[in-house]
Amino acid sequence: MSEWDLKICCMGAGYVGGPTMAVIAAKCPKIRVCVVDLSQKQIDAWNSSDLPIYEPGLPEVVEQCRGKNLFFSTDIDAEIKAADIIFISVNTPTKTMGIGAGRAANIKNCELCARKIAEVAESDKIIVEKSTVPVRTAEAVRRVLECNDKGLKFQVLSNPEFLAEGTAIPDLMKPDRVLIGGVQDEPGLAAAEKLVSVYANWVPRDQIITTNLWSSELSKLVANAFLAQRVSSINSISALCEATGADISEISRAVGKDDRIGKRFLNSSIGFGGSCFQKDILNLVYLCETYGLKECAEYWNQVIVMNDYQKKRFSEKMVSSMFNTVTGKKIAILGYAFKKDTGDVRETPSMFVVRDLVLEQARVHVYDPQVKREDMWTEMEYTVQMSEATHPGLDAAVTTAPDAYTACANAHAFAVLTEWDEFKELDFERIYKSMAKPAFVFDGRNLLDHAKLREIGFEVHAIGKPDPNKFSDL
Ligand SMILES: NC(=O)C1=CN([C@@H]2O[C@H](COP(=O)(O)OP(=O)(O)OC[C@H]3O[C@@H](n4cnc5c(N)ncnc54)[C@H](O)[C@@H]3O)[C@@H](O)[C@H]2O)C=CC1
Ligand SMILES: O=C(O)[C@H]1O[C@H](OP(=O)(O)OP(=O)(O)OC[C@H]2O[C@@H](n3ccc(=O)[nH]c3=O)[C@H](O)[C@@H]2O)[C@H](O)[C@@H](O)[C@@H]1O
């Protein structure tokens, strides 16, 4: 008899696989959980005190379970063989070439996992799609698995993840809902029930939703599209506020008070970033196109168009405010991560602003409490195709500063691009004294006290906030 009630293997030890499995292990001491990955470096980091991702509360959960019922390994074959349930939690990025390039999600990694499972498994298993995938991917996974020549039976479930980075641990500990999709026949329903019973260790049953496979896969794309759509909607209004004297924060408050609309996700910003919003909307757009739904595709694509506009609008405002030139000027960028409480820079809006400023030949000094310089360059090369090789002098044009004060010293402007709490506590008198005059502030997150900054002497520009010099009737 095994000492474990159940054995879970998760393929993919990234932002989702790591935290999700750590919380399952913490909540289910009688389940053995092992997270496997192709990358030895990633697994070594999970097995060290310096975890590969920054996520508040994560080190404590990992510390509590690692070596007891939570393991990280590169021995993929052995862990597949041992597992009753296998989660596939690998990256599904937007395709960069071939059919659907720039829109379709690449599910190559999911297929490779299915092929690996079919190759090495020696017993029947439940396979759980945790990755975000185009609707009907489970069909491809099932067909690959069925090609095993050992007569093994696999049940494929969809169980998309809704955690947000920076709040992954509370999101996993107390999810709004857990979604499980499965084939609606006896073995499919039994497999779904088995997964329900894992989550039921800490999630109330009425918050565990079961659906058919396709609804589950598609709900994930729709949830992200709706969230991103709110950000683009409020950002579109921020431009109108700047033109008319209305204030975007007052609009968000007034509109969000309506229960039917709700107050969350109405913070105007320089645009949304992160590894998923853009990828998942593009995926949705591509799906609509594939099924001949041109109007639906155009509707959702507009969310991306508005986001690109907002990022561009911000850097153009910086340049035009500073007398139409930033050439040779030092500009401090406070915050590079795509949101606070993460070191993740995938699709971060800060990158687009930095790119635009560098192309205008500014000297950019970036400070972020969690972002590593090497990650900044990797993402810049991947997403905007800029590197020292393509843009000689790039490395020298962007300095990473050890703190906000160093970044701002002698700068003509500073821009807040990530809403880190520590930026609210900065000594702005000190910063003002150290800067070139006029000293400009561009608040891309509406994080700071603008009236106070103006009192100190700064010229302040913020998203969706009327310029007091332009409107005398505020
Ligand atoms: N990052 C997030 O906050 C969220 C992501 N998702 C979705 O979850 C999925 C994973 O996302 P992340 O964890 O952010 O990706 P990630 O890039 O952080 O991690 C993916 C990991 O999978 C590994 N991998 C790739 N192919 C593999 C294979 N064949 N066998 C074993 N390991 C393999 C990679 O080495 C990498 O470590 C994506 O589909 C994403 O859309 C869903 C909700 C939230
Ligand atoms: O599938 C995913 O990857 C995840 O995507 C998002 O999570 P995440 O991208 O980690 O972070 P969010 O808090 O959603 O923020 C995304 C972007 O929108 C921006 N945002 C968010 C809210 C807002 O009001 N305004 C705004 O500009 C953030 O600054 C950030 O750049 C979703 O919130 C998660 O539910 C989902 O699981």
Side-chain angles (χ1 to χ4, degrees), residues 9-21 35-43 45-46 52-53 55 72-74 76-77 79-80 86-94 105-117 129-134 137 159-168 171-172 175-177 220-221 223-228 230-235 238 248 252 256 263-281 283 307 310-311 335 337-342 344-350 417-419 444-446 463:
C9 167
C10 173
M11 303 179 80
Y15 282 89
V16 170
T20 313
M21 292 302 126
V35 193
V36 297
D37 204 289
L38 295 171
S39 160
Q40 186 67 51
K41 189 171 160 228
Q42 188 80 350
I43 292 299
W46 280 109
I53 61 174
E55 193 60 59
F72 297 92
S73 168
T74 48
I76 298 179
D77 292 14
E79 295 300 336
I80 287 176
I86 301 176
F87 284 78
I88 299 179
S89 186
V90 294
N91 40 329
T92 48
T94 305
N106 195 338
I107 57 157
K108 167 194 83 159
N109 291 336
C110 292
E111 183 177 332
L112 286 174
C113 287
R115 287 190 184 278
K116 188 71 179 164
I117 296 167
E129 257 178 17
K130 186 55 119 176
S131 296
T132 304
V133 291
T137 298
N159 171 221
E161 184 48 58
F162 295 101
L163 68 80
E165 288 178 29
T167 54
D171 290 348
L172 288 164
D176 286 343
R177 79 310 211 176
K220 173 63 198 177
L221 297 182
N224 273 358
F226 273 45
L227 289 168
R230 278 172 77 91
V231 178
S232 275
S233 296
I234 201 73
N235 282 343
S238 73
I248 198 67
S252 294
K263 65 178 187 207
R264 298 181 68 191
F265 258 74
L266 287 181
N267 290 327
S268 189
S269 65
I270 40 168
F272 57 75
S275 62
C276 293
F277 275 3
Q278 171 152 319
K279 159 177 84 71
D280 293 349
I281 294 176
N283 186 345
N307 199 48
Q310 187 76 349
K311 290 183 281 191
F338 82 98
K339 63 185 284 197
K340 74 170 179 178
D341 292 335
T342 178
D344 196 350
V345 297
R346 292 178 288 182
E347 289 286 343
T348 179
S350 308
L417 301 189
T418 311
E419 74 282 23
R445 296 285 184 168
N446 288 334
I463 306 270

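Every number for a ligand or one of its atoms is a count from 1 in the order of the listing.
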Any idea which protein heavy atom is nearest [atom], and the distance to it?
atom                    : value
atom 33 (O) of ligand 2 : L227 CD1, 3.7 Å
atom 41 (O) of ligand 1 : K279 NZ, 2.6 Å
atom 7 (C) of ligand 1  : T132 OG1, 3.4 Å
atom 28 (C) of ligand 1 : L38 CD1, 3.5 Å
atom 12 (P) of ligand 2 : K339 NZ, 3.6 Å

Please indicate whether any nitrogen or oxygen in [X] is less than 3.5 Å from any nitrogen or oxygen in ligand 2.
X    : value
F338 : yes
G273 : yes
L163 : yes

Does [X] have a non-hydrogen atom less than 4.0 Å from ligand 2?
X    : answer
K340 : no
K220 : yes
C276 : yes
T132 : no

Location of contacts on [X] toward ligand 2, heavy atoms closer than 4.0 Å:
X    : answer
E347 : neither
E161 : backbone
L266 : backbone

Looking at non-hydrogen atoms alone, which of [options] comes nearest to [atom]?
atom                    : options             : value
atom 9 (C) of ligand 1  : V16, T92, V90, N91  : V90
atom 18 (O) of ligand 1 : W46, Y15, F162      : Y15
atom 20 (N) of ligand 2 : N307, V231, V16     : V231
atom 19 (C) of ligand 2 : F162, F272, F265    : F272
atom 23 (C) of ligand 2 : N267, D341, N224    : N267
atom 36 (C) of ligand 1 : T74, D37, V133, I80 : D37

Could you see which bit of [X] sits under 4.0 Å from ligand 1, with heavy atoms only: side chain, backbone, both or neither?
X    : answer
S131 : both
R346 : side chain
S275 : side chain

Checklist entry - From S238 OG over to N446 CG, what is the distance, rounded to the nearest 0.5 angstrom? => result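 Reported value, rounded in 0.5 Å steps: 8.5 Å.
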
Checklist entry - Atom OG1 of T132 and atom CG of N224: how far apart are they, to the nearest 0.5 Å? => result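 One gets 6.5 Å once the value is rounded to the nearest 0.5 Å.
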
Item to check | For E165, atoms of ligand 2 separated by under 4.0 Å from a heavy atom | outcome: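 This gives 10 (O) as the contact atoms.
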
Checklist entry - Considering only heavy atoms of S269, which atoms of ligand 2 have at least one such atom less than 4.0 Å away? => result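 In order of numbering, the contacting atoms are 26 (C), 27 (O).
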
Next on the checklist: Looking only at side-chain N and O atoms, does S89 offer a donor or acceptor that is under 3.5 Å from a partner on E161?
Outcome noted: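 E161 vs S89: no donor-acceptor pair found between side chains.
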
Atoms of ligand 1, numbered as shown, that sit under 4.0 Å from any heavy atom of [X]:
X    : result
L163 : 3 (O), 44 (C)
G12  : 21 (C), 22 (O), 23 (C), 32 (N)
E165 : 1 (N), 2 (C), 3 (O)
K220 : 43 (C)

Checklist entry - Is a donor on one side and an acceptor on the other found under 3.5 Å between the side chain of Q42 and the backbone of A13? => result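 It does hold such a pair.
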
Are side-chain heavy atoms of [X] and [Y] found at a separation under 4.5 Å?
X    : Y    : answer
C276 : K220 : no
V90  : C113 : yes
D344 : Y15  : yes
R177 : F162 : yes
M11  : I80  : yes

Item to check | Proximity flag K116 to ligand 1, non-hydrogen atoms under 4.0 Å | outcome: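 No heavy atom of K116 comes that close to ligand 1.
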
Checklist entry - Taking NZ, NE, NH1 and NH2 as the nitrogens, is one of them in R346 or E165 under 4.0 Å from a carboxylate oxygen of the other? => result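 Looking at R346 and E165, the cut-off is met.
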
